[in-house]
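This report concerns only the one structure given below.
Chain letters run A, B, ... following the sequence lines, proteins first and then strands; every chain starts at 1.
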Protein chains: 2
Amino acid sequence: MTDHKRPTSFDVARVAGVSRSAVSRAFTPGASINAQTREKIIAAAQDIGYRVNTLARNLQTQESQLVAVLASRMDSPVRARQVKLLTHALIKEGYRPLLLTAESASDVPRLLSSMLDYCLSGMIVTSDSPPDALIEECAKLQVPVVLINRDPSLAGGDRVQIDPKAAGHLAFDTLRAAGVQRFAAILPQDKTYSVAGRVLAFQAAALHAGFDCVLIPSEGQSYDAGRQAVIKHWDQISHCDGIFGATDLATCGVLDALRHDLGRSVPSDIQVLGFDDIEQASWGSYNMSSIKQDLEGQVSMAVAAMRQRLTDPDTPASLQYQTLTPVLRGTTK
Amino acid sequence: MTDHKRPTSFDVARVAGVSRSAVSRAFTPGASINAQTREKIIAAAQDIGYRVNTLARNLQTQESQLVAVLASRMDSPVRARQVKLLTHALIKEGYRPLLLTAESASDVPRLLSSMLDYCLSGMIVTSDSPPDALIEECAKLQVPVVLINRDPSLAGGDRVQIDPKAAGHLAFDTLRAAGVQRFAAILPQDKTYSVAGRVLAFQAAALHAGFDCVLIPSEGQSYDAGRQAVIKHWDQISHCDGIFGATDLATCGVLDALRHDLGRSVPSDIQVLGFDDIEQASWGSYNMSSIKQDLEGQVSMAVAAMRQRLTDPDTPASLQYQTLTPVLRGTTK
DNA sequence: ATGAAAGCGCTAACAT
DNA sequence: ATGTTAGCGCTTTCAT
């Protein structure tokens with residue numbers, strides 16, 4: 001342990017017999033430097049255990065490679081998967097994902113605000129609480145912001161989202177094709193843009209096709225919310241033969257309510273369709289038909305949009321829709 | 001948009017009519033500065049939209065508040081919850097969690113190595129692949145490392161973990177108390193220290209108490225692994241009346257295999273016990289008895305250990321066990 | 001309590 | 001291609 005202090009570019013320069021700029025160049029990908037010199041420097045660096053101090057580099061370049069990922073309900077299956085894919089993609093591109101899990105919406109602003117001091121390379125928001133003013137602040141500071149499934153009525157930033165209309169229609173078409181005639185859908189009361197959007201679109205599609213569609217409110221998007229909603233409002237939907245669950249998580253609850261609490265048989269008494277295609281939907285006890293959103297695609301679009309804005313801040317704000325695919329399992333005929 | 005450039009402490013100093021040192025002190029919690037001066041400075045800062053540049057501060061203090069969180073299988077329910085709690089705890093303590101999801105174990109070293117250049121305040125590893133050499137490197141660089149449920153035979157760092165022996169015994173006692181006589185357990189072949197440890201301890205406890213215990217291998221810890229393991233090795237366990245599933249995720253698969261693939265009835269034909277108490281265990285279709293690990297406690301111990309080592313690097317390496325609680329539901333009598 | 005001055009370790013213009 | 005010279009924006013002795 002002779003080295004208590006990290007060696008600096010100065011040390012390497014001395015050992016390799018070059019200037020500090022040379023050292024810097026040796027560690028900068030596209031720099032103009034002789035291949036031999038570079039090797040010599042790298043070797044010297046290896047030797048004394050030198051590594052570029054990112055902090056210093058960042059200060060100089062005013063760029064940190066840090067990308068804030070703002071996510072709520074981190075332990076829900078979709079979000080967990082989303083975050084996983086997002087971090088992979090970011091890391092692969094050389095970024096460093098800073099995970100900010102929004103607990104109470106109230107402390108998001110302060111938190112995010114403090115993050116800004118890190119000279120973020122970007123920010124990806126997949127939270128529910130759209131920190132409106134914050135987005136503006138980011139824009140002001142030239143920090144690219146990508147919004148995943150956020151309400152488009154809110155301020156700028158690039159967007160990647162599900163087309164609520166398309167989603168609702170696809171859900172309707174899927175159930176209709178399975179023979180459903182009397183529709184119902186769960187409408188979570190926490191008013192998440194994307195979720196509420198597709199449920200409303202689902203209803204609209206049904207009405208437009210000349211069918212009725214009962215909307216029953218749920219406390220939120222959790223398993224329990226779905227389960228309780230069905231139990232509580234059973235009288236309103238007992239005549240229905242098909243129900244759209246808005247999210248798979250809630251739909252698992254819907255299924256359990258139907259089968260275990262209400263003693264219905266799925267799909268013979270009533271058909272059920274979820275949304276997201278989470279892992280649990282494919283589990284034996286549920287075997288749930290769902291609509292799969294392409295999370296991989298979503299994530300790569302988001303990262304690409306960020307990168308694009310980073311290279312050219314004047315790119316017009318983009319809006320991309322991700323693809324949706326029905327996955328038919330045992331809860332539909 | 002008159003200000004295209006972020007204001008610096010210099011600007012604040014000029015506006016407030018003080019020196020840059022004063023500005024620095026105004027933004028440093030315990031600094032010796034007159035309350036009035038501080039207010040004046042804060043006001044001026046507000047006015048021109050100044051915020052401390054964390055990058056510069058970090059460079060100076062040689063400390064980022066960045067904590068690397070290394071996690072694998074991010075989309076499994078336990079891990080997702082763990083990461084969520086971890087990030088909350090870290091953020092609450094003023095740290096910034098950098099999420100590194102280990103995809104292929106091969107690129108972990110490079111990744112982590114590059115992270116070290118950020119002058120990490122700490123590292124929390126809850127991954128499966130214990131990046132042995134890396135831990136040493138961290139130690140060398142004085143970066144506190146906390147290992148959650150990692151093999152204790154590996155190099156230093158503070159540890160928070162389940163006591164495998166205690167876990168195995170508790171599982172055995174729980175099933176035994178429910179009347180089980182012929183035991184079986186799933187043993188995932190990916191040799192995760194904590195999981196394999198408790199399964200082996202479970203078997204040891206059974207043998208020690210004079211009961212037999214069949215161990216059946218599973219491909220891993222996933223739902224599918226559990227399900228397939230039971231189907232494949234059914235002949236070996238068909239005579240058993242109690243099975244310990246090692247992890248809840250796999251145990252969901254075990255239950256579905258038993259009920260849907262093999263037509264058994266749980267708990268009358270055979271009782272089932274999981275481990276972790278993930279959310280899905282409580283879902284109606286599973287209603288699974290399990291052993292709950294105290295994730296909140298685990299996380300706060302981990303953060304505390306990190307903080308402790310940060311303040312006093314010479315603290316002897318700590319080892320803490322988290323509490324375990326049986327949660328009895330419908331898959332045991 | 002405050003200010004002056006000296007870095008923290010690096011990169012980037014500008015010469016050569 | 002390489003070295004020289006300035007900073008990046010902040011904190012921190014050291015005086016006062």
Please write out each protein N/O paired with an N/O of nucleotides 7-11 of chain D under 3.5 Å, distance rounded to 0.1 Å.
unit_1, atom_1, unit_2, atom_2, d
D:dG7, N2, A:Gln60, OE1, 2.6
D:dC8, O3', A:Gln62, NE2, 3.2
D:dC8, O2, A:Gln60, OE1, 2.9
D:dG9, OP1, A:Gln62, NE2, 3.0
D:dC10, OP1, B:Tyr50, OH, 2.5
D:dC10, OP1, B:Asn53, N, 3.3
D:dC10, OP2, B:Ser9, N, 2.4
D:dC10, OP2, B:Ser9, OG, 3.0
D:dC10, N4, B:Arg20, NH2, 2.1
D:dT11, OP1, B:Arg57, NE, 2.4
D:dT11, OP1, B:Arg57, NH2, 2.7
D:dT11, OP2, B:Ser24, OG, 2.7
D:dT11, O5', B:Ser24, OG, 3.3
D:dT11, O2, B:Gln60, NE2, 2.6

Legend entry - chain A contact limits on DNA chain C, taken 5' to 3' with a cut-off of 4.0 angstrom to heavy atoms: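 Taking any atom under 4.0 Å from a heavy atom of chain A, the span is C:dG9 to C:dA13.
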Inset, instruction - With side-chain contact (heavy atoms from CB on, under 4.5 Å) as the test, would you mind laying out the steps for B:Leu310 and B:Ser121 before giving the verdict? - result: CA-CA 8 Å; B:Leu310 217 40; B:Ser121 286; 4.3 Å; yes
Inset, instruction - Assess the side chains of A:Gln62 and B:Arg6: does a donor N or O sit below 3.5 Å from an acceptor N or O? - result: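 No.
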Legend entry - Chi angles and distances behind the side-chain hydrogen bond (donor to acceptor under 3.5 Å, both in side chains) call for B:Gln60, B:Arg57: CA-CA 5 Å; B:Gln60 173 71 349; B:Arg57 170 180 277 177; over 6 Å; no
Inset, instruction - Kindly state whether the ring of A:Tyr50 and the ring of A:Phe27 have centres lying under 6.0 angstrom apart. - result: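 Under 6.0 Å, so yes.
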Inset, instruction - Compute the centroid of each ring, for B:Tyr118 and then for A:Tyr118, and state whether the two points are separated by less than 6.0 Å. - result: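 Judged by ring-centre distance (under 6.0 Å), B:Tyr118 and A:Tyr118 do not meet the cut-off.
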Just jot down the side-chain hydrogen bond (donor to acceptor under 3.5 Å, both in side chains) partners of [X], sequence neighbours excluded, or say none.
X: B:Asn53; answer: none
X: B:Ser318; answer: B:Asp158
X: B:Arg81; answer: B:Glu296

Legend entry - Rounded to 10 degrees, the angle between the two terminal axes of the helix from C:dA1-D:dT16 to C:dT16-D:dA1, each from five pairs: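 What I find for the helix from C:dA1-D:dT16 to C:dT16-D:dA1 is an axis angle of 20°.
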Inset, instruction - With rounding to the nearest 0.5 Å, note down the distance linking CD1 in A:Ile162 to OG in A:Ser194. - result: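 That separation rounds to 5.5 Å.
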Legend entry - CD (A:Glu63) with more than 12 external heavy atoms under 6.0 Å: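 Count over threshold, so yes.
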